[in-house]
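Below you'll find the structure, written out as structure tokens, and then a few comments.
Naming convention: chains lettered A, B, ... in sequence-line order (proteins, then strands); numbering from 1 in each chain. Below, all heavy atoms of this structure are taken into account, side chains as well, without hydrogens, waters or symmetry copies.
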Amino acid sequence: MAQVKVTLVDGSEKWYPAGINPGEIASEIGPGLSRSALIAKVNDTYIDLNRPITEDARLEIVTFESKEGKSAFRHTAAHILAQAVKRLYPSARLGIGPSIEDGFYYDFDVETPFSTEDLERIEKEMRKIVKENYPLERIEVDREEAVRLFSKMGEAYKVELIRDLPQGEKITCYRQGEFIDLCTGPHVPSTGKIKAFKLLSVAGAYWRGDEKNPMLQRIYGTAFPKKTALDEYLQKLEEARKRDHRKLGKQLDLFSIQEEGPGFPFFHPKGMVLRNILEDFWRKEHRKRGYQEIKTPIILHEKLWRQSGHWDHYKENMYFTNIDNESYAIKPMNCPGSMLLYRRKIHSYRDLPLRVAELGLVHRHELSGTLHGLMRVRCFTQDDAHIFMLPSQVEDEIVRVIDLVDHFYRAFGFDYHVELSTRPEKAMGSVEIWDRATAALKEALERKGMEYKVNEGDGAFYGPKIDFHLEDALGRTWQCATIQLDFLMPERFDLTYIGPDGGRHRPVMIHRVVFGAIERFIAILTEHYAGAFPVWLSPVQVKILTIADRHRPYAEEIKGRLEERELRVEEDYRDEKIGYKVRQAELEKVPYMLVIGDHEVENGSVAVRERGQKDRGLMSIDEFMSLVEAEVESKG
RNA sequence: GCUGGCGUAGCUCAAUGGCAGAGCAGCUGAUUUGUAAUCAGCAGGUUAUCGGUUCAAGUCCGAUCGCCAGCUCCA
């Protein structure tokens, strides 16, 4: 019998009879691996454990530890969900059911949407299917057969998917018990593997993500090989919810959104402190890098928006108003205003690049269902800038902005990922111009050696963009910084500069934001620190707590000393026990508490308590101030 | 905008279709206290809004508004 050489991940090589499958190899290696084996990676493809190995290959037994293992595991869980739904609701039509980060979902077309009680029923049925422990069987069919099979079952959506598959490609299905689904796999060997799972929520989702298509019912769930891991995950979710900036914003009294202004946030005194610190930091860093600051009006005449192209491409998102029988728009972006200012005078090539920054308040009519605390609002302040350049300066300028964003995000300890968004369907300008702009962005990214994901068709209507995404507490990502390259606005506004040849030339322009929107950035910041802001950002840096009334004069003196040094101080002189005041300060997440009693008054010291820690002991006031100031300086 | 869920005191939450409640916060008083909650009293509500069913609605039905999850869209 022919033999195949199998190279394992540790580099060892073994010979097996041809046709052996990865599952058999796993059990030969050991019962532990055999038990945790889910799928296999043979050379570079992931396959089921029962697929035969017919030639020499590199083999990796894939467990739940790896991304692909998790994905296959949860994909199988999705099939179990679909099977359960088909048992309970035979008329349900199947959409798609992939694994996702941390779980899986499956879409169903059903007459009446699922309720929470339905989820419990479905879960119960799923448990039965797991217990019945069906093997997952891979079936290859040709196209006609597949169409016939799924048509017979009435699975119109599946038939549509099959029709869209490339011609000539093999079509695979997976069967478990009475249930069969169109699927490329791979899957874990049997339904019994899915030991711990939970259905989490139901939501509507358009078929194929298009709002013109019917809305299906999507059931979300997650699955783990062990109950303890599932519980741990649910616990983690619970913890993450406590970091929600909407909750913390209320608790810490940073901001609110009132029913009278959906999507229009109110900033409270403490939120304003935070916001002003961010703006101060921003101004300082921008001045250092040669930016000038401007402010343009919030309301401008409709004709400006016609000229900029917003009228044609962005009208649905804009608010309009009338003044003296003329139509005006409330700005959804800052660029047109900035264009007018560029145009106010003649520019020499020697003036370029011209970096013009604006903390600009914009209003956009976002769909009501998309509003989300401070993350997604209807009015927000962009830390905008428009950079007018010679064509030869484009790449350098993009790189400078990338560096700036990186500098900022490092200061806050943020991880981010980058996406390159290309020409959308309803774009202004020619494909050639877009290609040129996109190439320039790519070039800059590659020069920085940055990894990025391409987001086809997601650019602004006037140009492609590099987006920087940050994560919230629940791992949802939000676009914050963006760098957009624009050849079109300068054209539309007939911007020029005088070149060395004395002639007029067209500048190129970058639109960019670093925070993105200050509101969103504050939201991310709040979730990132779980409300326990580092000292330099804390709305209140020090809280003075007195033991008894008689300590008040000394506490006042301390407070004065701290305020002289521009530290942000609050006091709590109420006649309450110290434990009570400490508790309250802890809940307010104030980084430093100073306890003042007889002892401190006598020897002119302060007793320092650090947030989340115990008593740090006595210190002189000078010692304490240097400590805090050093911490502020280091942005720690 | 769409699908589903939810909306009770400033906050967190109770209340079979049958008298709207608790804890915290607030106010008043007592207490003068050493590192995560001192005690007592008082006050706090058109149960989101509007309409309907019912002898009776926080609870059932409809509409509107808002919030939450997701989809679509986006900083």
Side-chain angles (χ1 to χ4, degrees), chain A residues 105 107 112-116 118-119 200-220 241 244 246-247 250-251 253 257-263 314 316-317 332-333 362 364-377 379-384 421 458 460 465 467-470 474 476 478-482 484 511 513-521 523-524 545-552 573-587 593-600 607-617:
Chain A
Y105 68 78
D107 288 344
T112 44
F114 298 117
S115 68
T116 326
D118 294 333
L119 288 194
L200 299 170
S201 62
V202 223
Y206 299 110
W207 167 238
R208 296 194 143 181
D210 190 332
E211 60 184 326
K212 289 192 274 298
N213 287 338
M215 182 166 268
L216 310 182
Q217 294 298 311
R218 175 171 299 177
I219 298 180
Y220 284 90
R241 282 190 235 281
D244 191 313
R246 292 166 299 188
K247 207 177 175 107
K250 197 182 273 179
Q251 272 166 27
D253 200 18
I257 296 174
Q258 311 284 334
E259 202 163 322
E260 289 79 355
Y314 210 72
E316 294 72 42
N317 286 293
M333 294 188 196
V362 298
R364 296 183 184 175
H365 181 252
E366 302 293 348
L367 294 177
S368 58
T370 64
L371 301 179
H372 185 98
L374 284 186
M375 293 279 191
R376 188 76 182 277
V377 288
C379 77
F380 53 100
T381 301
Q382 293 185 304
D383 63 317
D384 218 339
S421 295
D458 219 26
K465 54 183 188 170
D467 299 326
F468 295 73
H469 294 250
L470 297 175
L474 285 171
R476 296 176 288 209
W478 299 87
Q479 186 191 311
C480 291
T482 172
Q484 310 174 348
H511 311 239
V513 289
V514 180
F515 289 137
I518 295 189
E519 291 76 4
R520 178 175 289 182
F521 199 81
I524 299 264
L545 317 176
T546 46
I547 299 285
D549 276 347
R550 63 179 176 280
H551 307 122
R552 201 164 160 154
Y573 301 156
R574 292 175 302 175
D575 79 14
E576 293 288 351
K577 290 166 80 168
I578 194 66
Y580 178 85
K581 298 189 196 183
V582 165
R583 176 182 154 81
Q584 186 141 338
E586 285 284 352
L587 290 175
M593 284 151 261
L594 297 182
V595 176
I596 306 293
D598 289 339
H599 202 62
E600 290 71 26
V608 180
R609 180 185 164 111
E610 210 175 320
R611 174 178 59 200
Q613 284 165 45
K614 292 283 164 207
D615 196 352
R616 273 188 60 167

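Residues satisfying the salt bridge (Lys or Arg N to Asp or Glu O under 4.0 Å) criterion with A:R616, sequence neighbours excluded, are A:E610. A:D598 is linked by a salt bridge (Lys or Arg N to Asp or Glu O under 4.0 Å) to A:R550, counting only residues two or more places apart in sequence or in another chain. For A:R520, the side-chain hydrogen bond (donor to acceptor under 3.5 Å, both in side chains) test picks out no residue, with sequence neighbours left out. When the salt bridge (Lys or Arg N to Asp or Glu O under 4.0 Å) test is applied to A:D458, no partner is found at least two apart in sequence or on another chain. The side-chain hydrogen bond (donor to acceptor under 3.5 Å, both in side chains) search around A:D467 returns A:S421, A:Q479, A:T482, not counting sequence neighbours. Residues satisfying the salt bridge (Lys or Arg N to Asp or Glu O under 4.0 Å) criterion with A:R364, sequence neighbours excluded, are absent altogether. In terms of the side-chain hydrogen bond (donor to acceptor under 3.5 Å, both in side chains) criterion, A:R583 has no residue partners (sequence neighbours excluded). A search for side-chain hydrogen bond (donor to acceptor under 3.5 Å, both in side chains) contacts involving A:S368 returns nothing, not counting sequence neighbours. By the side chain to side chain contact (heavy atoms under 4.5 Å, CB included) test, A:P262 pairs with A:L371, A:R378, sequence neighbours left out.
A:R241 comes within 4.0 angstrom of no nucleic acid atom, judged by non-hydrogen atoms across all strands. Counting non-hydrogen atoms under 4.0 angstrom, A:R208 reaches nothing in the nucleic acid. Base contact: A:R364 has a heavy atom under 4.0 Å from a base atom. Within 4.0 Å (heavy atoms only), A:K250 reaches sugar-phosphate atoms of the nucleic acid but no base atom. Within the nucleic acid shown, A:Y105 has no heavy atom closer than 4.0 Å to any nucleic acid atom. Residue A:V377 is classed as a base contact, given a heavy-atom separation below 4.0 Å to a base. Using a 4.0 Å heavy-atom cutoff across all strands shown, A:R520 reaches at least one base atom of the nucleic acid. Within the 4.0 angstrom heavy-atom criterion, no nucleotide atom of any strand lies near A:D467. Within 4.0 Å (heavy atoms only), A:E211 reaches sugar-phosphate atoms of the nucleic acid but no base atom. Note on A:K465: only backbone sugar-phosphate atoms sit closer than 4.0 angstrom, heavy atoms only; bases stay farther off.
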Once base and sugar-phosphate atoms are separated, protein heavy atoms under 4.0 Å mark nucleotides 35-41 of chain B, 5' to 3', with B, S and - as BBBB---

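When the P atom is used for both B:rC13 and B:rC6, the distance is 15 Å, rounded to whole Å. Between B:rA20 and B:rU59, the distance separating the two P atoms is 13 Å to the nearest Å. The gap from the C1' atom of B:rG21 to that of B:rA9 amounts to 10 Å, rounded to the nearest Å. Taking atom C1' on both nucleotides, B:rU72 is separated from B:rG1 by 8 Å, rounded to a whole Å. B:rG17 and B:rA37 have their C1' atoms separated by 39 Å, with the value rounded to a whole Å. Spacing between B:rU28 and B:rA36 at atom P, rounded to whole Å, works out to 28 Å. B:rU8 and B:rA48 have their C1' atoms separated by 10 Å, given to the nearest Å. Separation of the C1' atoms belonging to B:rA56 and B:rC39 is 42 Å when rounded to the nearest angstrom.
Between the CZ atom of A:F380 and the C1' atom of B:rC73 there is a distance of 13 Å, rounded to whole Å. Between the CG atom of A:D210 and the P atom of B:rG1 there is a distance of 19 Å, given to the nearest Å. With rounding to whole Å, A:L367 atom CG is found 10 Å from B:rC74 atom C1'. When rounded to the nearest whole Å, the span between NZ of A:K581 and P of B:rG34 equals 11 Å. A straight line from CG of A:D244 to C1' of B:rC67 spans 12 Å, rounded to a whole angstrom. A straight line from CG of A:N317 to C1' of B:rC74 spans 8 Å, rounded to a whole angstrom. Going from atom CD of A:E260 over to atom C1' of B:rU64 covers 15 Å, rounded to whole Å. The interatomic distance linking A:K247 (NZ) with B:rU12 (C1') rounds to 9 Å, in whole Å.
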Any N/O pairs under 3.5 Å between the protein and nucleotides 2-4 of chain B? List them or say none.
from, atom 1, to, atom 2, distance (Å)
B:rC2, O4', A:Y206, OH, 3.4
B:rU3, O2', A:Q217, NE2, 2.9
B:rU3, O2, A:G204, N, 3.2

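Residue A:R574 has no polar side-chain atom (N or O) positioned under 4.0 Å from OP1 or OP2 of B:rU32. For A:H372, a side-chain nitrogen or oxygen approaches OP1 or OP2 of B:rA69 to under 4.0 Å. Using a 4.0 Å cut-off, no side-chain N or O of A:R246 falls inside it from OP1 or OP2 of B:rC11.
Listed for the A:Q584 side chain is no donor-acceptor partner under 3.5 Å among the backbone atoms of A:K581. Looking at A:E519, its side chain does come within 3.5 Å of a backbone N or O of A:T381 through a donor-acceptor pair.
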Dot-bracket notation for RNA chain B is requested: 5' to 3', Watson-Crick or G-U wobble pairs only, both distances under 3.5 Å, with ( ), [ ], | and . as defined.
(((((((..((((....[..)))).(((((.......))))).....(((((..]....))))))))))))....

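When the shell of 6.0 Å around CZ of A:R574 is examined, it contains more than 12 heavy atoms from other residues, nucleotides or ligands.
A:Q217 pairs with exactly one of A:V202, A:D107, A:D118 by the side chain to side chain contact (heavy atoms under 4.5 Å, CB included) rule, that one being A:V202. Considering A:R609, A:R611, A:K614 in turn, A:R609 is the only one that fulfils the salt bridge (charged side-chain N to carboxylate O under 4.0 Å, His left out) rule with A:E586.
The side chain of A:R376 sits closest to B:rC73 out of B:rU32, B:rC73, B:rG70.
Of the two residues contacting RNA chain B, namely A:G263 and A:C480, the nearest-nucleotide position lying further toward the 5' end is that of A:G263.
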